[in-house]
*Asks:* 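Got a structure for you, written out below as structure tokens; questions coming shortly.
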Amino acid sequence: MRLSCRPLATSAALLLLAACQATPDAPPEGAERQYGTLTFKPCTLTSAQASNNVEAECATLQVPENPDAPTGRKIGLNIALLDTANEGEGKQDPVFFLAGGPGQSATQVAAIINQSLRDVRKKRDIILVDQRGTGKSNPLSCVDADGKELSFDENAAATPEVIAEFATRCAAAVADRADTRFYTTTQAIGDLDAVRAALGVDKINLVGGSYGTRVAQQYAARFPQHTRAVVIDGVAPNDLAVGGDFANTFESAIELQSAQCRKDAACAKRFPVDTRTQLRNVMTTLAKAPVEVEYRDPGTAAVRRDPISANTVTSLAFMFSYMPELSSLLPVVLDEAAQGRYAPLMSLNSLATRNMAGQMNQGMQWSVICAEDADRYQEAPAGDRLLGPEVARMFFAACPVWNVGTRPKNFTEPLSTDVPVLLLSGEFDPVTPPRYAEQVLKHLPNGRHIVAKGQGHGTLGAGCMPRLLAQFMDKADAKALDASCLDTLTAVPAFTSFNGWEP
């Protein structure tokens with residue numbers, strides 16, 4: 001449920017009868033159930049990134065790949081239902097969760113969403129739709145005809161040329177099973193409304209995270225008559241060129257982390273060189289001469305030797321800044337690296353990279369950003385920033401060789417609606433900072449923005465937020481929420497050693 005940071009390491013609705021019944025009959029345990037025109041069967045949702053599985057019910061809806069060619073190729077949308085025992089009004093307006101990325105599968109983050117929306121689920125069904133090109137919805141995976149994943153050397157120097165070469169091979173591999181021009185946000189919101197119609201419900205609620213906030217805004221603008229309430233967490237404005245502002249938002253996040261350390265007496269004493277300066281120093285050293293590092297693989301415990309470069313350091317810092325719990329390790333890891341001890345940094349980078357692996361469908365991500373963002377990106381003059389324009393260059397490097405679609409002329413216009421919208425931000429978010437949500441809020445008279453203190457990218461499960469989400473879905477009144485319970489949230493103190501922080 002996040003904008004992908006991978007580039008740093010290498011990153012017509014189907015009309016159905018309105019008479020469909022909205023509330024499914026409660027079937028015997030393990031039996032099929034009819035929900036509108038969809039037949040749901042018991043299924044178990046699993047993910048390599050989740051510690052537990054989620055029991056759900058799954059269905060497939062066939063939709064045209066090209067909405068303007070309804071008799072052409074069809075793709076099956078993978079849909080999961082996390083139902084509620086409630087037989088009341090809540091079933092008439094279920095909650096659709098919209099995953100991030102672009103490229104994340106909604107069903108693969110079911111465990112996280114089931115936990116974050118646990119209070120919402122007491123009264124409403126939760127619908128997870130794998131956006132076309134992700135999960136089991138005709139994924140644009142870079143695999144050959146035999147299903148073998150195309151190789152990519154993660155240790156190779158990340159350059160636009162390397163990425164473009166890989167994208168060329170990926171484009172050839174997916175050409176027989178998908179027309180990548182039709183895997184953008186515009187087609188995705190048409191799919192969502194097709195699912196809504198198939199379920200037989202008139203209105204839905206939307207919960208979108210990161211890139212999913214773009215999907216939510218686009219749906220609410222195109223289908224306002226079917227939108228009851230919206231939650232957007234980690235807000236990306238419609239006019240944001242995704243991937244083009246990483247250098248600025250990352251800089252702000254690191255400066256905030258540095259300020260947190262300076263405010264803490266123990267941290268300031270232990271690390272007299274602030275986090276940003278230390279990060280710059282380590283990057284400069286490694287840019288001059290990358291080092292071969294012996295370290296222990298955190299997944300296998302095996303001893304490995306791999307090269308470490310300035311890019312490795314910024315990748316780790318970027319991934320850490322998503323999650324304050326991990327970013328608390330950054331000062332001590334950088335301090336070790338500044339003294340030539342790179343093993344801890346390499347072990348943590350390996351762990352973070354493994355946790356991120358497989359979470360984003362790269363082909364679908366290219367279909368989205370190449371059609372919606374790449375041509376709008378304008379490179380800013382080089383300045384005193386930790387990340388330079390090369391980050392965005394790599395992010396969009398595949399676009400010249402990818403089969404790219406189009407976007408509507410009004411795509412970048414801000415969402416302007418009377419629909420109740422709850423906007424959420426993490427104080428330290430390095431990708432979608434609070435100022436983005438403030439920009440979107442200006443056009444939402446029934447909107448409210450809440451900033452979660454000490455949090456990073458994604459706040460749906462923070463503190464009492466699950467309870468607030470349920471209250472918002474019940475009343476659809478963002479301004480009436482009493483969010484004082486979030487005042488208990490605090491930043492995670494920086495580790496002063498690998499044993500933790502000082503009391």
Side-chain angles (χ1 to χ4, degrees), residues 1-2 5 51 112 115-116 233-234 249-283 298 312-339 341-353 355-356 386 424-435 450-466 468 483-503:
M1 24 175 259
R2 56 178 61 113
C5 64
S51 59
I112 297 172
Q115 180 67 14
S116 298
D233 178 29
T249 57
F250 176 67
E251 192 80 18
S252 297
I254 292 296
E255 288 176 352
L256 283 171
Q257 291 180 28
S258 296
Q260 284 297 118
C261 184
R262 291 194 297 270
K263 292 177 183 177
D264 183 276
C267 184
K269 180 179 179 180
R270 172 67 177 82
F271 305 111
V273 180
D274 70 83
T275 303
R276 184 188 182 281
T277 301
Q278 195 72 290
L279 181 57
R280 168 75 79 184
N281 291 342
V282 173
M283 288 170 58
T312 309
V313 180
T314 53
S315 295
L316 181 65
F318 194 85
M319 285 187 281
F320 270 23
S321 60
Y322 272 100
M323 301 159 284
E325 297 84 356
L326 290 181
S327 64
S328 62
L329 282 165
L330 194 57
V332 68
V333 169
L334 290 175
D335 184 68
E336 287 287 298
Q339 298 177 58
R341 297 189 289 268
Y342 297 108
L345 192 152
M346 284 296 286
S347 292
L348 288 169
N349 183 70
S350 177
L351 177 63
T353 301
N355 288 340
M356 292 291 292
L386 293 165
L424 307 175
S425 298
E427 181 184 11
F428 297 150
D429 190 337
V431 186
T432 52
R435 61 182 172 86
I450 296 176
V451 179
K453 293 187 297 184
Q455 305 303 298
H457 192 61
T459 68
L460 294 178
C464 65
M465 193 68 79
L468 294 179
S484 60
C485 61
L486 291 173
D487 292 343
T488 59
L489 293 175
T490 59
V492 178
F495 278 36
T496 52
S497 73
F498 287 109
N499 293 321
W501 54 81
E502 293 188 16

*Asks:* Any side-chain heavy-atom pair from Cys464 and Leu486 closer than 4.5 angstrom?
*Replies:* yes
*Asks:* In the structure I gave you, are the side-chain heavy atoms of Arg276 and Glu251 within less than 4.5 Å of one another anywhere?
*Replies:* yes
*Asks:* Treating Gln455 as the side-chain partner and Lys453 as the backbone partner, does any N or O pair qualify as donor plus acceptor under 3.5 Å?
*Replies:* yes
*Asks:* Quick one about Asp274 and Thr277 (side-chain donor to acceptor, distance below 3.5 Å, no hydrogens or angles considered), yes or no?
*Replies:* yes
*Asks:* Leu460 pairs by side chain to side chain contact (heavy atoms under 4.5 Å, CB included) with which of Leu468, Leu424, Ile112?
*Replies:* Leu424
*Asks:* Where is the tightest heavy-atom contact between Pro331 and Ala494, given as atom of each residue plus distance?
*Replies:* CG-CB, 4.0 Å
*Asks:* Does Cys485 offer a backbone N or O that forms a donor-acceptor pair with the side chain of Thr488 under 3.5 Å?
*Replies:* yes
*Asks:* So which heavy atom on Gln257 is nearest to which on Leu330, and how close?
*Replies:* OE1-CD2, 3.8 Å
*Asks:* Restricting to salt bridge (charged side-chain N to carboxylate O under 4.0 Å, His left out), what partner residues turn up for Glu255, sequence neighbours left out?
*Replies:* none
*Asks:* Side chains of Phe271 and Val332: does their closest heavy-atom pair fall under 4.5 Å?
*Replies:* yes
*Asks:* Looking only at heavy atoms, what is the nearest atom pair of Thr459 and Ala452, with distance?
*Replies:* CG2-CB, 4.0 Å
*Asks:* Looking only at heavy atoms, which two atoms of Leu345 and Ala337 are closest? And how far apart?
*Replies:* CD1-CB, 4.0 Å
*Asks:* Would you call Arg435 and Thr249 a side-chain contact if the rule is heavy atoms closer than 4.5 Å?
*Replies:* yes
*Asks:* Using the side-chain hydrogen bond (donor to acceptor under 3.5 Å, both in side chains) rule, collect all pairs that involve residues 260-273, keeping only residues at least two apart or in two chains.
*Replies:* Arg270-Asp335
*Asks:* Taking all atoms of both residues into account, what is the closest heavy-atom pair of Asp429 and Gly234, and its distance?
*Replies:* OD2-CA, 4.2 Å
*Asks:* I'd like to know if the side chain of Ser350 reaches the main chain of Met346, judged simply by a donor and an acceptor atom lying under 3.5 Å from each other, with no hydrogens or angles considered.
*Replies:* no
*Asks:* Minimum heavy-atom separation for Asp233 and Ser425, please, with both atom names.
*Replies:* OD1-N, 4.5 Å
*Asks:* Between Leu334 and Asn281, is any pair of side-chain heavy atoms under 4.5 Å apart?
*Replies:* no
